Amino acid sequence: MTDPGSDTASGGPAASAVRLAAVRHEIADACRLAGRDPGSVCLVAVSKTFPACDISPVIAAGQRVFGENRVQEAQAKWPQLREAHPDVKLHLIGPLQSNKARDAVALFDAIHTVDRPKIAAALAAEMARHGRCPELFVQVNTGAEPQKAGVLPEAADAFIAQCRDQFGLRIAGLMCIPPADAVAAPHFALLAEIAARNALTGLSMGMSADFEAAILQGATHVRVGSAIFGHRPTPA
Ligand SMILES: *Cc1c(COP(=O)(O)O)cnc(C)c1O
């Protein structure tokens, strides 16, 4: 495991570059262990709550894919950073309200949190309007937690089919956030199973604490925040 950072702050720009390198090594090691090509895992650096001055050094260290969990926060932070680095890709990893679908389609290259018909319909409409097609993941609530977003595992097949057939959406894969107090591996295995039976290849799973386990189960996108940026200044 990577040390998630110093005691109070993110530890400064050099610290985040060192942590990024360590995470990349750990991803490569996990891929070797799993007999996978390290290029088959996309590292999404989760920069939520961190200001632009903490993100710049991570871009300078070569990272190009970032995750944010709020549309408004991303709108405030990213336009300037992206002007300086047009090759940066942004992924939305937090819940989406249908009244934010337009902004989300305009801003993000991938949306990991499609989980209900209203959102699927809003995204389809905005993608047609913008002529812009972010990569879409269906979020599955693998732990069936009442407070958590995501379609229930038993409803996933029907929702994926509805996204395709009713809304004409191309779904790239599935995403999950296992319960905080649970062993993550069975949740990753369940997500992989649902993806396989729906012929989906994308698997967005694994965070700072468990991205190696997720890679062993086939993760194609790992969402890693604190292991790169240090402790978050405010709860997200
Ligand atoms: C915050 C967040 C992450 C990153 O969490 P860390 O434990 O800091 O790596 C990953 N996925 C989602 C959906 C998040 O909200």
Side-chain angles (χ1 to χ4, degrees), residues 1-11 15-27 30 41-51 54-55 58 63 65-74 77-78 89-97 100 104 107-116 119 134-143 145 147-151 172-185 187-188 191 202-215 217 219-236:
M1 255 321 298
T2 309
D3 172 14
S6 59
D7 39 357
T8 54
S10 63
S16 58
V18 169
R19 286 190 295 254
L20 173 67
V23 167
R24 289 203 168 285
H25 275 292
E26 286 163 10
I27 289 173
V41 177
C42 172
L43 170 60
V44 182
V46 177
S47 50
K48 65 184 184 194
T49 78
F50 286 96
D54 287 335
I55 299 171
V58 177
Q63 178 64 23
V65 182
F66 290 85
E68 290 283 347
N69 69 334
R70 293 202 170 105
V71 175
Q72 267 175 310
E73 181 185 341
K77 262 163 40 178
W78 278 96
K89 302 291 184 202
L90 273 189
H91 289 213
L92 178 65
I93 61 166
L96 179 60
Q97 303 303 317
K100 289 281 193 314
L107 186 63
F108 290 97
D109 301 288
I111 296 172
H112 291 231
T113 49
V114 182
D115 69 348
R116 55 196 191 278
I119 288 297
E135 220 181 0
L136 301 179
F137 294 78
V138 167
Q139 181 174 356
V140 182
N141 186 357
T142 56
E145 296 173 276
Q147 82 288 3
K148 197 166 271 179
V151 63
L174 304 180
M175 178 272 216
C176 76
I177 309 169
D181 54 358
V183 176
H187 294 269
F188 298 153
L191 196 72
L203 285 171
S204 168
M205 57 189 197
M207 319 202 309
S208 291
D210 51 26
F211 64 85
E212 289 114 323
I215 289 168
Q217 308 258 10
T220 59
H221 295 67
V222 292
R223 310 178 309 266
V224 179
S226 49
I228 295 170
F229 287 96
H231 296 297
R232 274 184 284 280
T234 53

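Both ligands and their constituent atoms are indexed starting at 1 by order of listing. Just so it is clear, the model here is predicted, and its values are computed rather than measured.
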Participant: Does ligand 1 come near enough to Met175 that some N or O of the ligand is less than 3.5 Å from an N or O of the residue?
Facilitator: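 No; the residue has no nitrogen or oxygen that sits under 3.5 Å from a nitrogen or oxygen of the ligand.
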
Participant: Using 0.5 Å steps for rounding, measure from the CD atom of Gln139 to the CG atom of Leu191.
Facilitator: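 Atom-to-atom, Gln139:CD and Leu191:CG are 10.0 Å apart.
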
Participant: Which ligand 1 atoms, with their elements, are less than 4.0 angstrom from a heavy-atom of Arg223?
Facilitator: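 Near Arg223, meaning under 4.0 Å from one of its heavy atoms, ligand 1 has 4 (C), 9 (O), 10 (C), 11 (N), 12 (C), 13 (C).
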
Participant: Could you tell me whether the side chain of Ser208 reaches within less than 4.5 Å of the side chain of Val224, counting heavy atoms only?
Facilitator: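 Contact flag for Val224/Ser208 side chains = yes.
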
Participant: As an exercise, state the distance from CG of Leu90 to CH2 of Trp78, rounded to the nearest 0.5 Å.
Facilitator: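 CH2 of Trp78 is found 5.5 Å from CG of Leu90.
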
Participant: For His91 and Val65, work out which heavy atoms get closest and say how close.
Facilitator: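 The pair with the smallest heavy-atom distance is NE2-CG1, 3.5 Å.
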
Participant: Spell out, as yes or no, whether a donor-acceptor pair under 3.5 Å connects the side chain of Lys100 to the backbone of Val71.
Facilitator: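 Answer holds: no.
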
Participant: Using ring centroids (six-membered ring only for Trp), state whether Phe137 and His221 fall under 6.0 Å.
Facilitator: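 Yes.
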
Participant: Looking only at N/O atoms, are Asn69 and ligand 1 under 3.5 Å apart anywhere?
Facilitator: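 No - when backbone and side-chain N and O of Asn69 are compared with those of ligand 1, no distance drops under 3.5 Å.
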
Participant: Can you name the atoms of ligand 1, numbered from 1 with element, that are less than 4.0 Å from a heavy atom of Gly225?
Facilitator: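 Matching atoms, with element in brackets: 4 (C), 6 (P), 8 (O), 9 (O).
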
Participant: Run the numbers for me: atoms of ligand 1, each under 4.0 Å from some heavy atom of Val224, listed by number.
Facilitator: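 This gives 9 (O) as the contact atoms.
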
Participant: For ligand 1, is His112 a contact, meaning one of its heavy atoms is under 4.0 Å away?
Facilitator: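 Judged by the 4.0 Å heavy-atom criterion, His112 does not count as contacting ligand 1.
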
Participant: What atoms of ligand 1 come closer than 4.0 angstrom to any heavy atom of Ile177?
Facilitator: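 Those qualifying, in numeric order: 13 (C).
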
Participant: What are the atoms of ligand 1, with element, lying closer than 4.0 Å to any heavy atom of Lys48?
Facilitator: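 Numbered from 1, ligand 1 contributes 1 (C), 2 (C), 3 (C), 14 (C), 15 (O).
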
Participant: Write down the atom of Glu68, the atom of Ser47, and the distance for their closest heavy-atom approach.
Facilitator: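 Between these two residues, the closest heavy atoms are OE2-OG, 2.7 Å.
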
Participant: Mark up the atoms of ligand 1 that fall under 4.0 Å of a heavy atom belonging to Ser226, in ascending order.
Facilitator: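 Answer for ligand 1: 6 (P), 7 (O), 8 (O), 9 (O).
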
